[in-house]
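The residues of the chain are indexed from 1 along the displayed sequence.
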Amino acid sequence: MKSNSLPANITIHRLHGPLIGTVEVKNREGLTSALASQLRRNLIAHGAEQDVQYFLLFSQDRGFLWHNRGRSDSAAPPDAEFPMDPVIHRYLPTNGPGRLRNSELETIIFSWLADTSELTAVPSTEPERTLALAGFLDAIRGGTFTRAA
């Protein structure tokens, strides 16, 4: 990772290997694909790691995934978009009507990604199915996850 990079909320490394993904949690209500692209572009402009295989941005409503594949276009739209309601309900079944704090959502995302990295069967539910189709689940299998301090 570049020394001037902003720390991501969550980083994903291959077991004893290189960085393969960064995760940002921005629990904005009404987060759209266009707004997610703008947030990603702003993060990159302010020093976030750009040269990473996968970049993910989450709100409690939607998740967005970019698969770098060698492109350096910070304005690129996400390669995948998926609902986060199923994850929130699995990890916080008694969630009230309000918005989660970023730190609460980050804890849920961290746990979910760590659990998801251990899946061996092809998932049949969202958002895991979308992430599997994007190659993300294979890439993170057996990986290590770290939260920013």
Side-chain angles (χ1 to χ4, degrees), residues 1-2 4-13 19-119 122-141 143-149:
M1 188 182 282
K2 296 180 269 187
N4 64 344
S5 294
L6 293 173
N9 296 125
I10 301 168
T11 56
I12 307 166
H13 288 81
L19 177 70
I20 57 172
T22 58
V23 176
E24 291 292 334
V25 176
K26 303 287 185 201
N27 198 17
R28 292 183 66 158
E29 197 165 355
L31 188 60
T32 63
S33 177
L35 185 54
S37 293
Q38 181 181 354
L39 287 170
R40 177 177 174 262
R41 183 174 53 246
N42 291 343
L43 288 165
I44 290 170
H46 289 94
E49 182 65 54
Q50 177 172 313
D51 301 324
V52 65
Q53 186 176 0
Y54 291 97
F55 176 85
L56 294 99
L57 178 65
F58 292 102
S59 77
Q60 76 184 62
D61 308 308
R62 307 295 301 162
F64 303 90
L65 174 135
W66 286 262
H67 184 188
N68 193 351
R69 292 177 291 214
R71 72 175 178 219
S72 61
D73 181 8
S74 66
D79 293 298
E81 178 179 349
F82 41 88
M84 288 303 295
D85 291 346
V87 172
I88 301 304
H89 292 299
R90 265 184 263 155
Y91 285 80
L92 193 62
T94 59
N95 184 31
R99 300 295 292 173
L100 297 171
R101 292 188 312 262
N102 259 21
S103 60
E104 293 170 321
L105 181 58
E106 185 179 320
T107 299
I108 291 170
I109 298 297
F110 184 87
S111 297
W112 169 66
L113 287 173
D115 291 346
T116 301
S117 74
E118 297 175 7
L119 293 177
V122 176
S124 60
T125 59
E126 286 298 333
E128 294 84 357
R129 182 176 40 227
T130 296
L131 295 175
L133 290 172
F136 178 73
L137 295 188
D138 286 337
I140 67 168
R141 191 165 292 116
T144 59
F145 299 80
T146 307
R147 288 177 72 174

Does [X] reach the side chain of [Y], with side-chain heavy atoms less than 4.5 Å apart?
X: V122; Y: L137; value: no
X: L56; Y: L131; value: yes
X: L92; Y: L100; value: yes
X: M84; Y: I109; value: yes
X: L57; Y: W66; value: yes
X: D61; Y: R99; value: yes
X: D115; Y: Y91; value: yes
X: F136; Y: T116; value: no

Please determine whether the number of non-hydrogen atoms from other residues, nucleotides or ligands lying under 6.0 Å from atom CZ of R41 exceeds 12.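 Atom CZ in R41 is packed in, count exceeds 12.
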Closest approach of [X] and [Y], non-hydrogen atoms and distance?
X: S33; Y: E81; value: CB-OE1, 3.7 Å
X: T107; Y: R147; value: OG1-NH1, 3.2 Å
X: A76; Y: S37; value: O-OG, 3.5 Å
X: A36; Y: L31; value: N-CD1, 3.9 Å

Measuring from [X]:[atom1] to [Y]:[atom2], what's the distance to the nearest 0.5 Å?
X: D85; Y: R90; atom1: CG; atom2: CZ; result: 11.0 Å
X: L105; Y: K26; atom1: CG; atom2: NZ; result: 11.5 Å
X: T146; Y: F110; atom1: OG1; atom2: CZ; result: 6.5 Å
X: I140; Y: H13; atom1: CD1; atom2: NE2; result: 14.0 Å
X: I108; Y: L113; atom1: CD1; atom2: CG; result: 12.0 Å
X: L39; Y: E24; atom1: CG; atom2: CD; result: 9.5 Å

Taking the side chain from [X] and the backbone from [Y], do they hold a donor-acceptor pair closer than 3.5 Å?
X: R129; Y: P123; value: no
X: N27; Y: R101; value: no
X: S117; Y: A114; value: yes

Can you check side chain to side chain contact (heavy atoms under 4.5 Å, CB included) on F145 and V23, steps first, answer last? CA-CA 10 Å; F145 299 80; V23 176; over 6 Å; no
Cation-pi check, R40 onto F55 ring (under 6.0 Å, within 45° of axis): yes
Without hydrogens or angle criteria, can the side chains of T32 and R62 be said to hold a donor-acceptor pair below 3.5 Å? no
Look at the aromatic rings of Y54 and H67 and report parallel, tilted or perpendicular, splitting at 30° and 60°. parallel
Go through it in stages, so that I can follow the logic: the residues are E128 and W112, the test is side chain to side chain contact (heavy atoms under 4.5 Å, CB included), and I'd like the CA-CA distance, side-chain angles, deciding distance and then a yes or no. CA-CA 10 Å; E128 294 84 357; W112 169 66; 2.7 Å; yes
